[in-house]
2 protein chains.
Amino acid sequence: MEQVKKLSSLFKVLSEPNRLRILTSLGLECRPVSAVIADTGLSQTNVSFHLRKLREMKLVRGEKNGSFVFYCISDPELLELLNRFREWGAKS
Amino acid sequence: MEQVKKLSSLFKVLSEPNRLRILTSLGLECRPVSAVIADTGLSQTNVSFHLRKLREMKLVRGEKNGSFVFYCISDPELLELLNRFREWGAKS
DNA sequence: TCAGTATATGCGTTATCGCTCATATGTGAG
DNA sequence: CTCACATATGAGCGATAACGCATATACTGA
């Protein structure tokens, strides 16, 4: 029961196109918010909004560096799982 | 771009707790809607509603047998992917 | 044909979500 | 301290999603 809820909220966070773009924009590196904004073309407010969701679900973490905040994907295995799903969705 | 949209809508369908319950209720077998209703405790209307979403995303398929409709998960690999995610979400 | 069972669908309501606007907080430069 | 830049947050709006209710369709058996 509680497993289901956790899994569903994980999928919910991943179900947003812009959040997926943000995740792939980060990739394996740690990048400042401004880089993600430039990459995705989304508004600053919007990127910040989505990064919060990703942070709350612990999919990314933010590290302060001067006036910048560098965000990175918490666990690289997430990218692998995303690829698995992408490949699976592509077939048929 | 289009990849992202497809992936996100796949996750969107999976982001509903009741739909996850329905999927795990089906498992590897083909079961009539009434069995899923009994299993999940959801209303008939609600189960039908969710099964439609799963059908539209081609995650399940329904086969008529008399006055029953047996639903099955289209590709067993989906269950495997779900387990991968569940295990991944459990750690940490 | 009629009654009963199994499933699907349209409508209306409520809740949730993504987004933006305005504003706040924090940091480095001068 | 003040200004500019980088990021975060709260309020409000419009779109979308889930759910229940009522009803429709489809099949079965008497």
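Naming: A, B, ... by sequence-line order, numbering from 1 per chain.
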Verify the contact: side-chain N or O of [X] to OP1 or OP2 of [N], cut-off strictly under 4.0 Å; return yes or no.
X: B:Asn65; N: C:dA6; value: no
X: B:Ser43; N: D:dC19; value: no
X: A:Ser67; N: D:dC5; value: no
X: B:Tyr71; N: C:dA6; value: no
X: B:Asn46; N: D:dC21; value: no
X: B:Lys53; N: D:dA18; value: yes
X: B:His50; N: D:dA17; value: no
X: B:Arg52; N: C:dT7; value: no

Original post:
Where the side chain of B:Val33 is concerned, which of D:dC19, C:dT7, C:dC19 is the nearest nucleotide?
Top reply: C:dT7
**OP:** Could you point out which residue of B:Glu29, B:Arg55, B:Arg31 forms a side-chain hydrogen bond (donor to acceptor under 3.5 Å, both in side chains) with B:Tyr71?
**Re:** B:Arg55
**OP:** Find which nucleotide of DNA chain C each of A:Glu16 and A:Lys64 is nearest to by heavy atoms, and output the residue with the more 5' nucleotide.
**Re:** A:Glu16
Original post:
Considering heavy-atom distances to DNA chain C, does B:Val47 or A:Arg19 have its closest nucleotide positioned more toward the 5' end?
Top reply: B:Val47
Original post:
If you look at every strand shown and take non-hydrogen atoms under 4.0 Å, does A:Ser48 touch a base, only sugar-phosphate, or nothing?
Top reply: base
**OP:** For B:Thr45, answer base if it contacts any base atom (sugar-phosphate contacts may also be present), sugar-phosphate if it contacts only those atoms, and nothing otherwise; contact means non-hydrogen atoms under 4.0 Å.
**Re:** base
Original post:
For atom CD of B:Glu80, is the number of surrounding heavy atoms from other residues, nucleotides or ligands below 6.0 Å larger than 12?
Top reply: no
Rounded interatomic separation in angstrom, taking [atom1] from [X] and [atom2] from [N]:
X: A:Lys5; N: C:dT16; atom1: NZ; atom2: P; value: 11 Å
X: B:Leu42; N: C:dA8; atom1: CG; atom2: C1'; value: 16 Å
X: B:Glu63; N: D:dC27; atom1: CD; atom2: C1'; value: 17 Å
X: B:Leu51; N: C:dT7; atom1: CG; atom2: P; value: 10 Å
X: B:Phe11; N: C:dC17; atom1: CZ; atom2: P; value: 17 Å
X: A:Leu54; N: D:dT7; atom1: CG; atom2: C1'; value: 15 Å
X: A:Ile37; N: D:dA8; atom1: CD1; atom2: P; value: 9 Å

Original post:
Taking for each residue the nucleotide of DNA chain D bearing the nearest heavy atom, is the 5' side occupied by A:Phe49 or by B:Gln44?
Top reply: A:Phe49
**OP:** Report yes if the side chains of B:Val47 and B:Val33 come closer than 4.5 Å at any heavy-atom pair, otherwise no.
**Re:** yes
**OP:** Report yes if the side chains of B:Leu79 and B:Leu26 come closer than 4.5 Å at any heavy-atom pair, otherwise no.
**Re:** no
Original post:
What closest approach, in Å, do A:Leu59 and A:Val13 show between heavy atoms, and which atom pair accounts for it?
Top reply: CD1-CG1, 4.0 Å
Original post:
Taking all atoms of both residues into account, what is the closest heavy-atom pair of B:Phe68 and B:Pro32, and its distance?
Top reply: CD2-CB, 3.7 Å
